[in-house]
Structure formats: structure tokens, C-alpha cells
Undergrad: 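The structure follows.
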Amino acid sequence: MTYYVQSSEIRRRFAQAMSEMYQSEVPKYGKLIDLVDRVNKETLENNDFLNERLTGSGEKNRLNIERHGAIRVGTASELSMLRRLFSVMGMFPVGYYDLSEAGVPVHSTAFRPIEEKELNKNPFRIFTSLLRLDLIENKELRAHASNILSKRDIFTSEAKRLVECHQDQGGLTEEQAKVFVSEALETFRWHKDATVDYDTYQALHNEHSLIADVVCFRGPHINHLTPRTLDIDKAQRYMHEMELNPKSIIEGPPRRQCPILLRQTSFKALEESILFSNQHHGSHAARFGEIEQRGIALTPKGRSLYDSLLKKSKEKTSGLSNEEHQRVLSDVFYDFPDDEETLRQKGLAYFEYSLKSSKDLTKNQDEANMETLIKHGLVSARPITYEDFLPVSAAGIFQSNLGDGQKNSYNSNESRASFEEALGSEIIDEHDLYHAIENQSITSLMKTINKKT
Ligand code: OOG
Ligand code: NI
């Protein structure tokens, strides 16, 4: 029988190769990793509870390799080929993000592993945005951009051949997996030379800098890789100390006893020199660095509370320093319960249940008795970590890299159906995944209990 390399192993190798490539291309990214390692070590040294939690959930071992990255593509065929390429690594499209509302002419999904055990083997995710040329009002410019995009192929022929081969065989051999990783990597490499002349670049850049970023190069260069920290406020302070120039505010919810969703900060994109096709020397800013801290995944009820509080805080935080911003945010989020018991009892967040002790267990337990079982110390409930992204935060990250004057929202409707059509498949709903993890844990807990009694 032929042996095929596991998709998680291909993902692991690919994530590592990408991280090495980015580190050599953007040395500041290497500094961020060192900084995050330091913060995580310091945080874990003083926090037995967190240590235990991360060990229990299987996240401790993934922490120092955990990264997400982001790319932006221009056409439906690029997006659908990416979907096939990522599926070789066990990464699937989860969640739909409409950023046009925030003045960014893209919509996005995140390719990521979907099972808990796969996430723990290697949680590599790529936030992937598709340019919405339909939002360019100038018809000529739109046609020009679309014409330029139609001429490029962002994949090597060997990468495409191996994607086909994976589909036909149902896997890749060791030799094929090696070639696949290095060929797939080529798509994400930085190019110092633009495919267009300087005037074309300027015209597209004037419309929106993001359009120039997507259209003027040979491929969708990886624009950041993000390590996961356990204390983003400290990481932000260290970024200042190390003169890494962080963006002014940390995006997402405020600091809390029970962290929810996702908090993010970043340093601004570097201005890098570019040679245009007419031999003009210029520059382009695309690549930056980002840090994230992950908290518990919220149910639709919890999420809508988050969204409404965030909206409420927005009116009050405009123009504030990070310190003041966080203070106002904390005040507004006073209305979001900050202990696990209430989050659970009010159905605001997702938890995973397991048997803690089978002493004193009585017969015929069911889900309805869960709170009693927890109270008696027989069952433990562990928060399920949020593995996805936040559109408002993503827009904030985009904006901080785009320069000023590009913040008007587009008059457009969310366009999930057209994104799925371009993708060539449906997008997986993140809530279905969290819900399934929670449900499976309850089913198997009840089975164990009823076997033991
Ligand atoms: C993606 C920005 C969003 C995140 O973590 O939310 C993002 C981009 O700039 O292409 O990375
Ligand atoms: Ni990011």
C-alpha cells in the first residue's frame, strides 16, 4: 500500500516554511516572535490556572507554533484554486467577512483546520480576501484592473499538478509532499518588481491602495503572520519599548477576567522599494506584523451582545489613546458578564464538558442536570477557544495599513453568495463547528456517566 503524508503534517511543514520565509523577508517579524515568546513565558510562570487550562485543552503545545497569516487575491479562479490548494493541508473556508462596510473593497473567509484535534496538531489559518472590482466606480479603471489580473497565474504548474494529483490519489507521497510545500510557497512570495508601470500603479492606488496591492504584482504576497500571545496588553507595552511602532489601539474587546473572542494589535506596513515595469523606482507598503490574543468563542447570543456593546463604545472612543480607549471599552463592557459560570448559564459562550470525578455519581443523569454536576465537582466545563476573526477588527487592521483618507464605507450589500460562487464551495459556518464540539462533549460525557453508574 502507498503511504500518504497526513494533511496535518503537510500543513505543519508549510506553516513552518512560510514563517521562515517571512522571517527572512521581514526581520521585524522575527522580533515580534521573540517578544511574544517572552510574554508567554512570563505569563505562564505566574499563572498555574492558565497553565492547566492550556494543557487540558491541548493548546499548550501548539502555542509557540500558532500563526495566522493573510493574503488578498483578485479573481474567482485564484480563490477557487486556493481553496483546493489549502484543502491538501486540511484547511477549509470558515466564516464570511464583509469589509466593504468599513471602506475596504474586499470580502473574506479564513482557511483553517476545522476539527479540534486538527487545530491542536497545527492551527495554521490564512485570512483570505477577494478584491471586489465591482466596487470600483470608474469603469475604465475596473476593466483595466480586470484585464491585468486575467493575465497572471499565481500558481506554479507543479503546484497545480500536485493539487490535481492529491485529488486523484487521495493523498500525497513523501516525495510529492516535499515538492508541494516548496511549490505552494512560491505563490506567497514577495516580488520587488511590479507587473505594471508606475502610472498604472498610481491610478489604482488613487482609487484604493488595496486595489494596487492586489493588481500590480505577480502574486498575493503573504502580508503578515501573527503569533498568539497570552497577554496582549503587555505585548503592546513591549512593542513600544522595543520601538516596534504598534498601531495606536488594540482592536477587539477590552481586557477581562475571562477573555472573549480575539484582541489584536499590529505594527504598520513597511514602505518597501519596488521597480515598476517602466523602470521607475518607487515604493509600496503591504507587509506588516500583528499579534493576537484569543479568548472564549461566543454563541450567537453572546456575539450579538458583543457587537452591540462594541457599537456603543465606538461613539465614545473615537480619537482616544489606547489607555483611554481601553478604559471606556471596559466601562461599556461592564454589561458583558465576566465569569465563566454566568457566561455558561446565560448561554453566551461555548464550553466543552468532561468528567472530573466519578465519585458519588448517581444514575440517570442527563444534560438538564449539568449545572448540579458541575456544582458538585463531578463535571468540569472548559471554555472553547475562538478560532476565527472579527470583521470590525480586521477592518481596523486593514485601515491602519492603508494610510489616511480611505475610510468611507462602500454602498454595497454583503455578497456571500457571490463569494461562495467564486470560491466554488459553501463557506462553513463557524457556529456549527463550536456547537458540534460542545454537543459532542455532552453526548460522550453522558455516555461515560451512564456506563459508570
Ligand atoms: C487582513 C487584515 C485582517 C485579521 O487578523 O483580522 C487580519 C489583510 O490586511 O489582508 O489579518
Ligand atoms: Ni491578521
Side-chain angles (χ1 to χ4, degrees), residues 15 18-19 22 26 28-29 32-33 36 66-74 78-79 82 86 91 93-112 123-132 154 187-188 190 208-217 219-229 232 235-236 239 246-247 249-253 261-270 272 284-295 297 306-307 310 385-403 406-407 419 430:
M18 186 90 104
S19 183
Y22 202 60
V26 181
K28 257 176 121 177
Y29 163 66
L32 267 197
I33 295 183
V36 166
E66 180 153 0
R67 307 276 185 269
H68 87 250
I71 53 167
R72 308 147 183 174
V73 294
E78 290 175 357
L79 183 67
L82 273 175
F86 285 132
M91 295 158 74
V94 180
Y96 174 75
Y97 305 90
D98 173 24
L99 297 169
S100 65
E101 252 176 66
V104 184
V106 302
H107 44 180
S108 322
T109 190
F111 289 97
R112 69 164 177 89
F124 193 51
R125 319 166 180 82
I126 296 276
F127 190 88
T128 304
S129 300
L130 175 64
L131 182 62
R132 288 186 62 182
I154 63 172
T187 296
F188 305 92
W190 179 250
H208 200 297
S209 60
L210 197 98
I211 301 176
D213 183 55
V214 176
V215 176
C216 302
F217 298 89
H221 35 255
I222 182 90
N223 67 45
H224 66 285
L225 279 180
T226 303
R228 175 176 165 193
T229 184
I232 199 159
Q236 176 93 346
M239 269 168 93
K247 75 193 279 298
I249 62 148
I250 297 174
E251 300 284 348
L261 299 171
L262 176 66
R263 302 182 71 207
Q264 296 170 300
T265 183
S266 62
F267 66 71
K268 295 205 174 108
L270 315 168
E272 300 181 87
H284 177 64
R287 301 194 293 174
F288 61 100
E290 185 191 44
I291 295 177
E292 66 185 12
Q293 180 176 358
R294 293 190 171 267
Y306 170 77
D307 286 337
L310 192 73
T385 297
Y386 189 60
E387 306 285 354
D388 294 288
F389 296 87
L390 297 170
V392 176
S393 301
I397 302 276
F398 266 109
Q399 296 292 6
S400 72
N401 284 301
L402 295 176
Q406 307 205 347
K407 296 190 183 172
F419 189 92
E430 65 274 23

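Atoms within each ligand, like the ligands themselves, are counted from 1 in listed order. Side chains are part of it too, since the values below use all heavy atoms of this structure and drop only hydrogens, waters and symmetry mates. What you are looking at is a predicted structure, and each value in this text was computed from that prediction instead of being measured.
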Undergrad: Write out the residue and atom name of the closest protein heavy atom to atom 9 (O) of ligand 1, then the distance separating them to 0.1 Å.
TA: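 For this ligand atom, the closest protein heavy atom is R72 NH2, 2.7 Å.
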
Undergrad: Which residue from F398, F288, Y97 reaches closest to atom 1 (C) of ligand 1 through any of its heavy atoms?
TA: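 Going through F398, F288, Y97 one by one, F398 has the nearest heavy atom to atom 1 (C) of ligand 1.
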
Undergrad: Given atoms NE2 of H224 and NE2 of H68, what angle do they subtend at the Ni ion (ligand 2), to the nearest 10 degrees?
TA: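 Seen from the Ni ion (ligand 2), NE2 and NE2 are separated by roughly 100°.
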
Undergrad: Would you mind running through ligand 1 and noting each atom that sits below 4.0 Å from a heavy atom of Q264?
TA: 4 (C), 5 (O), 6 (O)

Undergrad: Can you find an N or O of S129 that's nearer than 3.5 Å to an N or O of ligand 1?
TA: no

Undergrad: Work out whether the distance between some heavy atom of E290 and some atom of ligand 1 is less than 4.0 Å.
TA: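 Flag set, E290 near ligand 1.
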
Undergrad: Distance from I126 atom CD1 to I222 atom CD1, nearest 0.5 Å?
TA: 4.0 Å

Undergrad: With heavy atoms only and a cut-off of under 4.0 Å, state how T226 meets ligand 1: side chain, backbone, both or neither.
TA: neither

Undergrad: Within a distance under 4.0 Å of any heavy atom of F389, pick out the atoms of ligand 1 and give their elements.
TA: 4 (C), 5 (O), 6 (O)

Undergrad: Report whether any nitrogen, oxygen or sulfur of E290 sits less than 2.8 Å from the Ni ion (ligand 2) (N, O or S, backbone or side chain).
TA: yes

Undergrad: Which distance, rounded to the nearest 0.5 Å, do you find between the CG of L79 and the OG of S129?
TA: 10.0 Å

Undergrad: Indicate the ring-plane relationship of F127 and F389, choosing parallel, tilted or perpendicular according to the 30° and 60° boundaries.
TA: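 F127 vs F389 ring planes: perpendicular.
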
Undergrad: Using a distance-only test with no angle check, is there a side-chain donor-acceptor pair under 3.5 angstrom linking R67 and Y22?
TA: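 Their side chains do not contain a donor-acceptor pair, so the 3.5 Å distance test is not met.
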
Undergrad: Given E290, which of T226, T265, N223 fulfils the side-chain hydrogen bond (donor to acceptor under 3.5 Å, both in side chains) condition?
TA: T226

Undergrad: What distance separates S266 OG from F398 CZ, expressed to the nearest 0.5 Å?
TA: 11.5 Å

Undergrad: Hey, is A394 touching ligand 1 through its side chain, its backbone, both or neither, going by heavy atoms under 4.0 Å?
TA: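 The answer is both, backbone and side chain.
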
Undergrad: What class does the angle between the rings of F111 and F86 fall in, given that below 30° is parallel, 30 to 60° is tilted and above 60° is perpendicular?
TA: tilted

Undergrad: Verify salt bridge (charged side-chain N to carboxylate O under 4.0 Å, His left out) between E387 and R112, making sure each step is shown before the conclusion.
TA: CA-CA 9 Å; E387 306 285 354; R112 69 164 177 89; 5.7 Å; no

Undergrad: Measuring from non-hydrogen atoms of E292 to any atom of ligand 1, is the shortest distance under 4.0 Å?
TA: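 No; E292 lies far enough from ligand 1 that no heavy-atom distance drops under 4.0 Å.
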
